[in-house]
Each structure stands twice: as structure tokens, then as C-alpha cells.
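Here's the structure we're looking at; comments come further down.
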Amino acid sequence: MTNTLYDSLFAQHEGNEAPFLQLDDGRVVSYDAFHRRAAQIAHVLKKSGVSPGDRIVVQAPKLADTIALYAASVQAGAVYMPLNTAYTLAELDYFISDAQPALIVCDTKDKAELEQLAARCGANLLTLGGEDSSLSHAADEQPCVFETLDRGAEDLAALLYTSGTTGRSKGAMLSHRNLLSNAQTLVDLWGITNVDRLVHALPIFHTHGLFVAMNTSLLAGAKVRLMERFDVGVILDELPRSTLLMGVPTFYTRLLADEGFTNEVTGNMRLFISGSAPLLAETHVAFEARTGHRILERYGMTETNMNTSNPYSGERRAGTVGMALPGTEVIVTNPETGESLPQGEVGMIEVRGPNVFKGYWRMPEKTAEELRENEFFITGDLGRYSEDGYLSIVGRSKDLIITGGYNVYPKEIEDILNDFNGVLESAVFGVPDSDFGEAIIAVLVADPGAQLDMKKLAETVKDKLSRFKHPRSYEIVSGLPRNTMGKVQKNVLRDQYSQKELQVGVL
Ligand code: MLC
Ligand code: AMP
């Protein structure tokens, strides 16, 4: 039996007594114990009716068993589908109806809420976390060996939803090859080995925390200090005995804001990596001045895993995302014609390689729009190459806000605002924010003579959308700025509200 991803990431750890996960409560899970736990969970998956190719939806806390569930899903030939723990029931409804999973694994505390949803789509439901974790209890009773199911390089290993400009999220289908090839490339490029100890403070439901951080550690046999949540104090305690940190820019600005973050604390560290959102050049410079370390910035996406990285050994240049990863082509094109542009010109970033996904789940038209016949993926990011081959991301052609490393598509919020009683139209956009990079602002135009019930409007948004998508401020205006084509000029709004002292938390 062969299973592309399982064989490389997990099977090699049978009998490996070295520490793998080091948890908040001090417990340590060895690689071998992890390997056995994954097998126990794989038995539970099989008993719960999961067959190869079935989706397993996971909205669960960040625990050792959650990582083992990911391994078990791969071993059982299933498709792992992690979801942001912030998603509301309304958001979950869409993902679950769209993906039609055989099994849903939720946080034990959310069981009652999820039961109905699971029943409606004919999925089994198990829970993780706390004393009553049904998945963990069921796994305790199972054998520690599981016969790995056959999966080839092109079979799906994961389905990750990413929101879209139309407001409808799309499931990016990621194959065993996509995930394994990217992990191998990153391990080589960043020199990750079993001597490394990674401080893992990212969520494990996105590409960054799950694949970039966890797959590379598993491949290299590194130790992982698994923090259930981001906490500056804990990171400061852990850095002196660690070698690696991967984070979104907010991690680095928050660390810099703490006086305890010094070059002594970072003395044992080998590498700081940033991605998922633009790292300001000034953060890069301040970081080096404080610690002597130059942050390595890289660029990726849910659909493509990682595309580019600053060099490990060469110059790590502030404000750039480096060069294409070995084996991956990253070009800048004329958005109209798709033709490659010379260095120095700004155009659409397109990516081709073994890292690029297989298309959107049950959305052939969307896939065709973004994945060219020549297999280049159109990222929606605008970039420019320097003469010596460093790529800078200079903007986005997609209407997207990135807040603290989470993507938010304005359309999804505008649709909800526009449906609200008394709202004629709305525009949602991001303004610079020192903590999250961008903060969300909504401007509203009321129907003639209408009085908007702002409290109710905020409650409606709260019911429907995750906390990180809530506008920080709502502004009522008499009209939206438009160009001659009638299109709302978000850049004008962005400029206007970036300067204005915002009344934060008006509701
Ligand atoms: C939390 N809040 C956010 C937020 N995170 N609001 C906007 N944007 C965010 N990202 C809310 C909280 O719910 C809280 O609301 C308030 O803001 C203050 O929260 P906090 O305690 O300060 O936030 P914290 O829990 O510390 O989280 C911040 C964070 C987290 C930066 C640690 O957002 C995070 O882990 N981000 C990483 C996202 C990520 O992994 N992206 C990778 C995507 S993959 P209230 O109401 O309670 O006050 C990808 C590909 C690639 O992009 O290239 O990697
Ligand atoms: P996601 O869909 O969550 O995977 O987010 C991918 C998007 O994050 C990319 O299309 C970019 O817009 C953005 N992104 C990722 N890494 C970087 C980076 N280093 N600098 C700027 N933007 C980035």
C-alpha cells in the first residue's frame, strides 16, 4: 500500500521516541506516541463511516488530538477540511452543505449547535476537547496500528475554503502532491532539521499553521511547542529554547511592542519567518535593530501553498517576498493578455508548479476563470520584479482586506448590510491598522427618509459573520464616491477614512 503524504510525513515516525509536540500544560507527545494515536483515530474514522475520498469537516480547538486527526484523515484516505473556529453557525451551514462531509468533528462545547446541521447533511458528529471529547474516548479503545489506505499523488488530501470576490467561499482542492512537494521544498530551503524547535502560535485551520508550519516540522522531525493560542508572554518564555518562529506580521509588531523582546531573548533563534499579509519594511528594520535577526518574508496562498521566499543564506530584502521557490514558476503578466512582463513592470502575479491546487470544489467555471489552460494560476495579487529578481507585492486586483492574516472579502459583508432594512447601499474597505495591518470600515447610505437601527444592524452582522469580519466602525454618509463608470471608488474612501480620526467601537 502506498499513501503519498502519509508515507513521507507520518510513517517514518513509527518507533521514533524523539519529542514532537510540547503542550501548554507541559505534556510532551513523542513522535512514536503521535504515530500510534493517529492510527487509533484512523480506526474511529473508519468506524464512523469515513471512506477514501470522503470529507471530514473539523472545527476544533488546537490540541494534540486535532493534529493526530489530520494525520488519521490522511492515513484513512479521507479529505481533511479544517474550518476557522471563529465561524458562526450561519457560515458553517454553507461550508458543510457545500462539502457534504461524511463526518464532522466539532469542539465538544458546540455539540448541541452542530447536531442539527450534521443530521441535515447526513454526516456523523464527533467532538474534540474537554472531558467529554467523544473522538478522544473512542480512540482510546482502538488498536495503535491501522492499515494505511492507498492514496496517490494526485488524490485529494485537503479541502480548504477561501472566500471569494463574489462573496461565496470556494473550496480549494489540495492533493497529496501539492502538500508534500511544498513541504519538501521549504524544509530544504529553510534548512529545517530535527534539531529545530518551532514555536507554533498560529491557528491550525489555515495553510500557514497547518501546512507550512506542521508539515515541514513533521517532514524534518522537528520539535513543536504547540501553543493553543498566540500569547506574547508565552512566546517570550519559549524563544530562548527555540530556533524557529512562523507568524503573520501582527506577531512581529506585537513582539516589538513588548520591552521584554530583546536580542538576549532571541539569542538561540535561528529563523523568524513572516507571511500571509504584507510585512511593513519598517517592521523588518525595527526587528533587525532590536534583535539582530532579519525576518525572512515569504508569500503564499491557500490555492498554491507557498510560492516565493526570501533567501535563507542571501539577502533578505525588506518589502519584498523574495524569489520563486525551486520547482515553482512565478511570473508577472499583463492582466489583459496573460503575457509575461519585463522586470520593473507591475502586473498580475501568476504561479505554476507542483504546489498549485487542482481547482475549486464543484466549481468548474470558477476554476477555469483562475487556472489557465497552461496551468498558471492567476493569483489576483499585483507584483513587480526588481532587476535582481526580488518580487514585491504592490497591490491586489481582488477586492480583499487582510486583517491580522485573515482574508475578508468586502462583498460578503456588503451583501449582509445591503439586505438590512433601511440600507440603500454600502461599501466596505480596509484602512491601515498598527496591530492587524488593516481594519475594516463600513460606510452606509440609508434609504431616503429611513432611520437606521444601528444596534440591530450590528447584531445582524454578529449573528451571521465571524468576529474578525465585523467592521470596526460604521459611518453613515449621504452618497458613495463613484467614477464615471458608476463604480464605487474604494480608494477614495480608503484615503478619506485612513486620515480621519475614527470613532472606534461606535456601537
Ligand atoms: C482576533 N480578532 C481579530 C483578529 N484576530 N479581528 C480582526 N482580525 C483578526 N485577525 C478580534 C478578536 O476576536 C477580539 O475581539 C479582538 O479582535 C482582539 O483580539 P486579540 O485577543 O487581540 O486577538 P488574538 O486572539 O491575539 O488574535 C490575533 C492574531 C490572530 C493575529 C494572533 O488573528 C491570528 O492568529 N492570526 C493568524 C491568521 C492566520 O493564520 N492566517 C494564515 C492564513 S493562510 P473581541 O470582540 O473579543 O475584542 C494564508 C496563506 C499564507 O494566508 O501565505 O500563509
Ligand atoms: P489566503 O487566501 O488566506 O491563503 O491568502 C492569500 C493572500 O495573502 C495572497 O493572495 C496575498 O494577497 C496575501 N499574502 C500572503 N503572503 C503575503 C506576503 N508575504 N505579503 C503580502 N501579501 C501576502
Side-chain angles (χ1 to χ4, degrees), residues 62 82 84-86 160-165 169-170 172 174 182 186 200-214 227-235 246-255 257 273-281 283-284 295-310 316 318-322 330 348-351 355 357 370 377-383 391-409 430 433 435-440 458 462 465-472 504-505 507:
K62 187 178 171 185
N84 194 324
T85 48
L160 257 60
Y161 275 75
T162 165
S163 25
T165 38
S169 289
K170 303 163 287 185
L174 295 155
N182 211 236
L186 298 178
H200 192 306
L202 287 159
I204 49 167
F205 41 73
H206 279 312
T207 298
H208 198 163
L210 185 62
F211 302 142
V212 185
M214 208 48 87
M227 292 171 56
E228 210 172 325
R229 56 184 58 84
F230 175 86
D231 182 310
V232 170
V234 176
I235 293 186
M246 296 185 191
V248 295
T250 302
F251 281 25
Y252 295 108
T253 49
R254 286 191 182 179
L255 281 168
I273 300 173
S274 177
S276 309
L279 182 78
L280 293 180
T283 308
H284 195 281
I295 298 174
L296 182 152
E297 185 170 8
R298 85 331 175 254
Y299 157 59
M301 289 185 81
T302 301
E303 288 93 333
T304 62
N305 298 284
M306 297 306 100
N307 302 318
T308 73
S309 168
N310 267 278
R316 298 178 198 159
T320 81
V321 293
V330 179
M348 176 64 72
I349 301 175
E350 299 193 20
V351 185
N355 51 318
F357 77 140
E370 296 181 29
F377 175 67
I378 306 167
T379 62
D381 292 313
L382 302 175
L391 181 68
S392 299
I393 298 175
V394 298
R396 302 174 201 127
S397 71
K398 49 195 175 191
D399 189 12
L400 162 71
I401 300 167
I402 305 185
T403 163
Y406 288 135
N407 287 6
V408 178
Y409 279 87
D433 178 80
D435 188 26
F436 288 133
E438 285 187 279
I440 305 170
K462 208 168 151 191
L465 295 176
S466 316
R467 169 70 185 89
F468 67 89
K469 298 179 190 169
H470 298 181
R472 173 181 292 184
V504 176
L507 299 172

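Values in this document were obtained by computation on a predicted structure and should not be read as measured data. All residue numbers in this chain count up from 1 along the given sequence. Atoms within a ligand are numbered from 1 in the order they appear, just like the ligands themselves. Values below: all heavy atoms of this structure, side chains included; hydrogens, waters and symmetry mates excluded.
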Geometry only, no angles: is G300 polar-contacting ligand 1 at N/O separations under 3.5 Å?
yes
Heavy-atom closest contact (M348 atom, S397 atom, distance)
CE-OG, 3.3 Å
What part of T207, side chain from CB on, backbone N/CA/C/O, both or neither, has a heavy atom under 4.0 Å from ligand 2?
neither
So for P203, does at least one of its heavy atoms come nearer than 4.0 angstrom to any atom of ligand 1?
yes
Any donor and acceptor pair, going by atom type alone, linking the side chain of E297 with main-chain N or O of G275 inside 3.5 Å?
no
Would you indicate which of A439, S276, S274 comes nearest to atom 49 (C) of ligand 1 when only heavy atoms are counted?
S276
Checking side-chain contact (heavy atoms from CB on, under 4.5 Å) between L255 and each of T283, T250, I235, which is the one that passes?
I235
Non-hydrogen atom of H470 closer than 4.0 Å to ligand 1
no
Report, in ascending order of atom number, the atoms of ligand 2 lying under 4.0 Å from any heavy atom of I402.
8 (O), 12 (O), 13 (C)
Hey, which of T308, N307, N305 is the one that makes side-chain contact (heavy atoms from CB on, under 4.5 Å) with V351?
N307
Closer than 4.0 Å and a protein heavy atom, does any atom meet both conditions relative to atom 25 (O) of ligand 1?
no
Would you mind running through ligand 1 and noting each atom that sits below 4.0 Å from a heavy atom of T250?
31 (C)
Distance from F468 atom CZ to N407 atom CG, nearest 0.5 Å?
8.5 Å
Atom 53 (O) of ligand 1 - nearest protein heavy atom and its distance
R298 NH1, 2.8 Å
for atom 8 (O) of ligand 2, nearest protein heavy atom and its distance come out as S276 O, 3.4 Å
In the protein, what heavy atom is nearest to atom 3 (O) of ligand 2, and what distance, to one decimal place, separates them?
N407 ND2, 3.1 Å
Indicate, as side chain, backbone, both or neither, the part of T403 found under 4.0 angstrom from ligand 1 when only non-hydrogen atoms are considered.
both
For atom 20 (N) of ligand 2, which of the options R396, M301, M306, E297 provides the nearest non-hydrogen atom?
E297
Can you name the nearest heavy-atom pair linking E438 to R396, along with the distance?
OE1-NH1, 3.5 Å
Between E303 and ligand 2, is there a nitrogen or oxygen pair with a distance under 3.5 Å?
no
Nearest non-hydrogen partners of S163 and S169, listed with the distance
CA-OG, 3.6 Å
Considering only protein heavy atoms, which is closest to atom 45 (P) of ligand 1, and at what distance to one decimal place?
R467 NE, 3.3 Å
Does ligand 1 come near enough to T207 that some N or O of the ligand is less than 3.5 Å from an N or O of the residue?
no
Close-contact set for ligand 2 against I393 heavy atoms, below 4.0 Å:
20 (N), 21 (C), 22 (N)
Quick one: nearest non-hydrogen protein atom to atom 32 (C) of ligand 1, plus distance?
F230 CB, 3.6 Å
among protein heavy atoms, the one nearest atom 33 (O) of ligand 1 is Y406 CE1, 3.5 Å
Just which atoms of ligand 1 are under 4.0 Å from any heavy atom in G405?
38 (C), 39 (C), 41 (N), 42 (C), 43 (C)
Ion pair check, E370 and K170, cut-off under 4.0 Å
yes
Using the side chain to side chain contact (heavy atoms under 4.5 Å, CB included) rule, take I349 and V330 through it: C-alpha gap first, then chi angles, then the decisive distance, then the call.
CA-CA 7 Å; I349 301 175; V330 179; 3.7 Å; yes
Between R254 and ligand 1, find which residue part has any heavy-atom pair under 4.0 Å and reply side chain, backbone, both or neither.
side chain
Please report the shortest heavy-atom distance between N182 and M306, naming the atom on each side.
OD1-N, 2.9 Å
Return the closest protein heavy atom for atom 2 (N) of ligand 1 as residue, atom name and distance.
F436 CZ, 3.8 Å
Mode of H208 contact toward ligand 1 - side chain, backbone, both, neither (heavy atoms, under 4.0 Å):
both
So, Y406 versus H206, ring centres under 6.0 angstrom or not?
yes
Please answer whether the main-chain N or O of S466 pairs with a side-chain N or O of H470 as donor and acceptor at a distance below 3.5 Å.
yes
Out of G209, G404, G275, indicate the one that has the non-hydrogen atom closest to atom 37 (C) of ligand 1.
G404
Starting at NZ of K62, measure out to NE2 of H200 and round the result to the nearest 0.5 Å.
4.5 Å
Purely on distance, is any nitrogen or oxygen of H206 under 3.5 Å from one on ligand 1?
no
Applying a strict 4.0 Å limit to heavy atoms, is R298 in contact with ligand 2?
yes
Would L400 and I402 count as a side chain to side chain contact (heavy atoms under 4.5 Å, CB included) here? Give the steps.
CA-CA 7 Å; L400 162 71; I402 305 185; 4.1 Å; yes
Look at atom NZ of K398 and say whether more than 12 heavy atoms of other residues, nucleotides or ligands are closer to it than 6.0 Å.
yes
Locate the shortest heavy-atom distance separating G322 from N310; write the atom from each residue and the value.
N-ND2, 3.4 Å
Determine whether any heavy atom of K398 lies closer than 4.0 Å to an atom of ligand 2.
yes
Which ligand 2 atoms are under 4.0 Å away from a heavy-atom of P278?
20 (N), 21 (C), 22 (N)
Distance-only donor-acceptor check, side chains Y299 and D381, under 3.5 Å
yes
Which option wins on minimum heavy-atom distance to atom 7 (C) of ligand 2: A277, G300, G437, A172?
G300
Is the contact between R229 and ligand 1 made by the side chain, the backbone, both, or neither, using heavy atoms and a 4.0 Å cut-off?
neither
Contacting atoms of ligand 1, where contact means under 4.0 angstrom from a heavy atom of L202:
40 (O)
With respect to D381, determine whether any N or O atom, backbone or side chain, lies less than 3.5 Å from an N or O atom of ligand 2.
yes
For R254 and F436, which heavy atoms make the closest approach, and how far apart are they?
NH2-CE2, 3.5 Å
Once you round to the nearest 0.5 Å, how far does CZ of F377 lie from CE of M301?
4.5 Å
I need the atoms of ligand 2 closer than 4.0 Å to a non-hydrogen atom of T302, numbered in the order shown.
1 (P), 2 (O), 3 (O), 4 (O)
In ligand 2, which numbered atoms sit nearer than 4.0 Å to a non-hydrogen atom of T162?
2 (O)
